[in-house]
2 protein chains.
Amino acid sequence: MSDADQRPARGRPRTMNAESVLDVAMNAYWQSDPADVSVNAICQMAGISKPSLYREFGSEDGLSRAVLDRYAEQVLSEMFEILHGGKGLRGTLDALIDFASDDPRMETGCLFYKMRAGKHRLGPETRARVEEIDAAARAAYVAFLQAARDSGDWPDSLSVEAGAKYLGEQIALAITQRASGEEPARVREMLTLALSVFSRS
Amino acid sequence: MSDADQRPARGRPRTMNAESVLDVAMNAYWQSDPADVSVNAICQMAGISKPSLYREFGSEDGLSRAVLDRYAEQVLSEMFEILHGGKGLRGTLDALIDFASDDPRMETGCLFYKMRAGKHRLGPETRARVEEIDAAARAAYVAFLQAARDSGDWPDSLSVEAGAKYLGEQIALAITQRASGEEPARVREMLTLALSVFSRS
DNA sequence: GATATAAAATACCGGATAGTATAAAAATGA
DNA sequence: TCATTTTTATACTATCCGGTATTTTATATC
């Protein structure tokens, strides 16, 4: 437990709530795109002044990094849970398809995938965090497919690494298509087709 | 034959070559991203002044639209030729895989897919042209798959429209992955896997 | 040579951006 | 009451953006 949020003994009490600012920024980034939301806009939406934001987060990069951390623990964690759920090949793939195609939270896309797609426009801290998360996701896909192979559910016509990359990119594609307005049923149909390669002998 | 490029009888002769400006702009947009290249930068790279560019193209939107037209007839036409080549299901899919995975011109991605991905950042003319080309591409995919179905090469477990959308998106995904630094062999492996769904009964 | 014309180059405009200097306000402690 | 501390709010900087007004230059015609 850190004392970073300990209220100082003296001085004007702060009205800014860092968590609510992060919520506002996360939803704004998530709904449109980090590259299309300025710090000015975030301050206005959150009802705080720019110096307050900069004192808390240091820079735009610091803010977007904090937002990404929050998104990872609030939203991305669910995807990791599906992968580590141990529901077997078919059950896990179905859960991933459900999540990508029908979860209402993915209706406007995935903030992480948006950041990854526009990686070159991010600051160094945020970009590094994006790459960390990307590596962790790939590792999770690899572990999942390796377990499926070990239990004989999945033929070894393809390497686990290639399958993991393929699986991850197909999920990302499906969610990105939902963000661009594609109907969930259509997205589900295409993702199911793409992942059918894991169910053939 | 229009007389739009007819040299006027009097006045200072023009030093600006519209075609070379378009080449410069196309390559700059193509190599990085239209949203990351300013008109200032294009003028500097092309060695012309801003008023010259604006007299020729009217606006940034006019320039990017002209660039997209040029790209469509110089590069995209090749993809349409592959689709209309009549090489049958297997031959055409293989040609598409070759194009997306190994054509050196797709090494930094496809300008059209970059524009489509950042559609909301484009001007109205360019955006409309992107949508036209997207519709034309979808129609070409549909015609190709319909012909394959008519000749019995492809089972009817999936609608032609859904297959066309799927095929187009997989090609786009493969080329986008190459743009983000993925090895061509890896891209080929994944695209081949994705398109294997067209070869199963 | 004088004039008309068209393109060029320079310099500018208004607006948006990330980031900051400065001052006012609200609390505590003496 | 008065000084100290911390956070606020306002106003500002420098830079870049798309786009343009203005002036200069280079040609053809008279």
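Note on naming: letters A, B, ... go to the chains in the order of the sequence lines (proteins, then strands), and numbering restarts at 1 for each one.
For the residue pair B:Gln170 and A:Gln170, a side-chain donor N or O sits within less than 3.5 Å of a side-chain acceptor on the partner. Looking only at atom types and distance, the side chain of A:Ser49 has a donor-acceptor partner in the side chain of A:Ser52 under 3.5 Å away.
Following rounding to the nearest Å, B:Leu63 (CG) and D:dC17 (P) show an atom-to-atom distance of 15 Å. What separates CG of B:Asp36 from P of D:dC16 is a distance of 15 Å, to the nearest Å. Between the CD1 atom of B:Ile42 and the C1' atom of D:dG18 there is a distance of 12 Å, given to the nearest Å.
The stretch residues 15-28 of chain B comes close to DNA chain C through B:Thr15, B:Met16, each having a heavy atom under 4.0 Å from the strand. Within a heavy-atom distance below 4.0 Å of DNA chain D, no residue of residues 120-128 of chain B is found.
Partners of A:Asp69 under the salt bridge (Lys or Arg N to Asp or Glu O under 4.0 Å) rule, at least two apart in sequence or in another chain, are A:Arg65, A:Arg129. Taking the ring-ring contact (aromatic ring centres under 6.0 Å, His included) definition, one finds that A:Tyr71 meets it with A:Trp30, sequence neighbours left out. Evaluation of the salt bridge (Lys or Arg N to Asp or Glu O under 4.0 Å) rule for B:Glu107 yields no partner, not counting sequence neighbours. Under the rule for a salt bridge (Lys or Arg N to Asp or Glu O under 4.0 Å), the partners of B:Glu182 that lie at least two apart in sequence or sit in another chain are A:Lys165. Scanning for salt bridge (Lys or Arg N to Asp or Glu O under 4.0 Å) contacts around B:Arg149 gives an empty result, with sequence neighbours left out. A:Lys119 is linked by a side chain to side chain donor-acceptor pair (under 3.5 Å) to nothing, counting only residues two or more places apart in sequence or in another chain.
Helix-axis bend for the helix from C:dG1-D:dC30 to C:dA30-D:dT1: the local axis fitted to the five terminal pairs at one end deviates from that at the other end by 30°, rounded to 10°.
Salt-bridge formation is detected for the pair B:Glu56/B:Arg14: a Lys NZ or Arg NE/NH1/NH2 atom is positioned less than 4.0 Å from an Asp or Glu carboxylate oxygen. Look at B:Glu19 and B:Arg70 and you find a salt bridge, because one of the NZ, NE, NH1 or NH2 atoms lies within 4.0 Å of a carboxylate O, short of that distance. For the pair B:Asp153 and B:Arg90, the salt-bridge criterion is not met [side-chain N within less than 4.0 Å of a carboxylate O]. The pair B:Asp36-A:Arg121 meets the salt-bridge criterion, since a charged nitrogen lies less than 4.0 angstrom from a carboxylate oxygen. Ion pair B:Glu161/B:Arg138 not flagged as a salt bridge, since none of the NZ, NE, NH1 or NH2 atoms sits closer than 4.0 Å to an Asp/Glu carboxylate oxygen.
Residue A:Gln44 places its CD atom among 12 or fewer non-hydrogen atoms of other residues, nucleotides or ligands, all under 6.0 Å distant.
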>> How would you summarise protein contacts on nucleotides 15-22 of chain C per nucleotide, using B for base, S for sugar-phosphate only and - for none, with heavy-atom distances below 4.0 Å?
In response: --SBBBB-
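When the side-chain nitrogen and oxygen atoms of B:Arg12 are compared with OP1 and OP2 of D:dT27, none of them lie within a distance under 4.0 Å. Phosphate contact (OP1/OP2 of C:dA7, side-chain N/O of B:Ser52, threshold under 4.0 Å): absent. At C:dA7, one or more side-chain N or O atoms of B:Arg55 fall inside 4.0 Å of OP1 or OP2 (strictly under the cut-off).
Side-chain atoms of B:Asp102 do not come within 3.5 Å of backbone N or O of B:Asp98 as any donor-acceptor pair.
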Contacts under 3.5 Å, N or O only, protein and nucleotides 2-4 of chain D:
none

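Pairs engaging residues 112-144 of chain A under the ring-ring contact (aromatic ring centres under 6.0 Å, His included) rule: none recorded [sequence neighbours left out].
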